[in-house]
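Protein chains get the first letters and strands the later ones, always in sequence-line order, with residue 1 at the start of each.
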2 protein chains.
Amino acid sequence: MSTTTLSTKDNIRHTAEKLFRERGYAAIGMRELAREVGIEAPSIYNHYKSKDDLLREICFDIAEQFFKAFEIAERIHEKPGKKIKQLMKAHVSVIARNLEASEVFFNEWMFLQEPHLSDFKKQRYEYEMKFREAIEAGMKQGSFKKMNSKLVAFAIFSSLNATYDLLKNNEPMAEENIAEDIANLLLKGLKE
Amino acid sequence: MSTTTLSTKDNIRHTAEKLFRERGYAAIGMRELAREVGIEAPSIYNHYKSKDDLLREICFDIAEQFFKAFEIAERIHEKPGKKIKQLMKAHVSVIARNLEASEVFFNEWMFLQEPHLSDFKKQRYEYEMKFREAIEAGMKQGSFKKMNSKLVAFAIFSSLNATYDLLKNNEPMAEENIAEDIANLLLKGLKE
DNA sequence: TATATTCGCTAACAGTTGTTAGCCATGAGC
DNA sequence: GCTCATGGCTAACAACTGTTAGCGAATATA
């Protein structure tokens, strides 16, 4: 835990992540956000152009982290099973490092305004497709069962994205174990 | 598709489900909801006591359906693998029959006011525990691998709850196939 | 020391929020 | 035909929305 005193801008950012996650972007007013930070609402505008600007910074920052983590994990060339596992670990690691912000990324992106909304959707689709390519490669190569790759991708993503709830509601569980366990479950199945 | 002309109350309900799902409970005003229905905002109050009342009806109606479907599926006594599959199919079937409303149930419940909020959380927890019991029974009995049952339950729920996206964004896919495919993936795994 | 920038503040804006009061037309039951 | 409930409507409420203008103190730069 860093003990550096955060800048006001960082304080606004982190408080926004916390509040947007807890109660939703639309339900949080600038005055409430400001009160939680310990300043007055108009002071926020010394650091962010608008409420949308705040949301945009959060969402696109997380998006960037997902892409970077994916690229790094992709470089390690492995057999499909190991590769998917690597990608899943990278994905979970981004969530675990940004517990509140990633929830905002998943649940509040629809409040982005154009043209950022379209931008965001495009990036999300790209990311999904990168995952699906890795899955389909494994199917073609014979390591994976031949299934609807979209269904598989959705099952993987939604399982991984439950990381927040697992880390928040549970007996402490190491981040790496979550990815490892979910990967094993999805790869080898629950049946003995 | 039924061609019965719906009552105004039903119209409000269905329109609310659609709008709350699309843009979130907090972002939809009574005037916008009314406009979409084709009436004026105050007329809504002839049918619902408040905005919260509307959300409450939607959320608790879906909760009830989940419980009922679970109970019916539970009666058919089977081996753990078949049983989980039955429960999953029942769960997906509720989602498929209430595509918009179930999304509201999943994503907008936090806007419920007390004491209904606590009520809701309790019911959700009960439902989760019923599923986990079925999973743990399978583990004890030796049919399933011994894993963290909360993690397994979360993976199952989040995968099943992706049904909405699968039915909406995809080439048409039969509801039963979704549950069947997800069940097979989670039970037998992706690996060949 | 003079100047410019940063960053807080208060006051205020126009528009929107959920909701209530109260009026009027329709149609059912007596 | 009279009465009453139903379910629309308009007008209005106080509170709240995101945001801007503009002021003043502190800090950094020259």
Do the ring centers of A:His91 and A:Tyr127 come within less than 6.0 Å of each other?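 Between A:Tyr127 and A:His91, which both carry aromatic rings, the centre distance is below 6.0 Å.
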Is the ring centre of A:Phe105 less than 6.0 Å from the ring centre of A:Phe120?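 That pair passes the under 6.0 Å test.
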May I have the distance from [X] (atom [atom1]) to [N] (atom [atom2]), rounded to whole angstrom?
| X | N | atom1 | atom2 | value |
| --- | --- | --- | --- | --- |
| A:Ile12 | D:dG18 | CD1 | C1' | 15 Å |
| B:Lys51 | C:dT17 | NZ | P | 9 Å |
| A:Tyr45 | C:dA11 | OH | P | 19 Å |
| A:Leu54 | D:dT17 | CG | P | 16 Å |
| A:Arg35 | C:dT10 | CZ | C1' | 17 Å |
| A:Ile44 | D:dT20 | CD1 | P | 13 Å |
| A:Leu55 | D:dG18 | CG | P | 13 Å |
| B:Glu32 | C:dT19 | CD | P | 16 Å |

5' precedence on DNA chain C between A:Asn46 and A:Arg31 (nearest-nucleotide basis):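 The answer here is A:Asn46.
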Return the nearest nucleotide to the side chain of [X]; candidates are [options].
| X | options | result |
| --- | --- | --- |
| B:Ala41 | C:dT19, C:dC9, D:dG8 | C:dT19 |
| A:Met30 | D:dT19, C:dG18, D:dT10 | D:dT19 |
| B:His47 | D:dG8, C:dC7, D:dT19 | D:dG8 |
| B:Pro42 | C:dA11, D:dG18, C:dA21 | C:dA21 |

Check this for me: B:Lys140, atom NZ, are more than 12 non-hydrogen atoms of other residues, nucleotides or ligands nearer than 6.0 Å?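 No, NZ of B:Lys140 has 12 or fewer neighbouring heavy atoms, counting only those of other groups under 6.0 Å.
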Is B:Ser43 close enough to D:dC9 that one of its side-chain N or O atoms is under 4.0 Å from OP1 or OP2 there?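 B:Ser43 to D:dC9 OP1/OP2: side-chain N or O found under 4.0 Å.
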So, does B:Thr8 get its side chain near the phosphate of D:dG8, meaning an N or O under 4.0 Å from OP1 or OP2?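 Checking B:Thr8 against D:dG8: at least one side-chain N or O falls below 4.0 Å of OP1 or OP2.
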Taking the nucleotide of DNA chain D with the closest heavy atom to each, which residue, B:Gly38 or A:Tyr25, is nearer the 5' end?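 Whichever sits nearer the 5' end wins; that is B:Gly38.
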If we only count heavy atoms from C-beta on, is the A:Glu57 to A:Arg13 side-chain gap below 4.5 Å?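 Yes, their side chains come closer than 4.5 Å.
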Salt-bridged, A:Arg21 to A:Glu100, with N to O below 4.0 Å?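 A salt bridge links A:Arg21 with A:Glu100.
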Applying a 4.0 Å non-hydrogen cut-off, can you work out what B:Ile28 is touching in the nucleic acid: base, sugar-phosphate, or nothing?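 Sugar-phosphate contact only.
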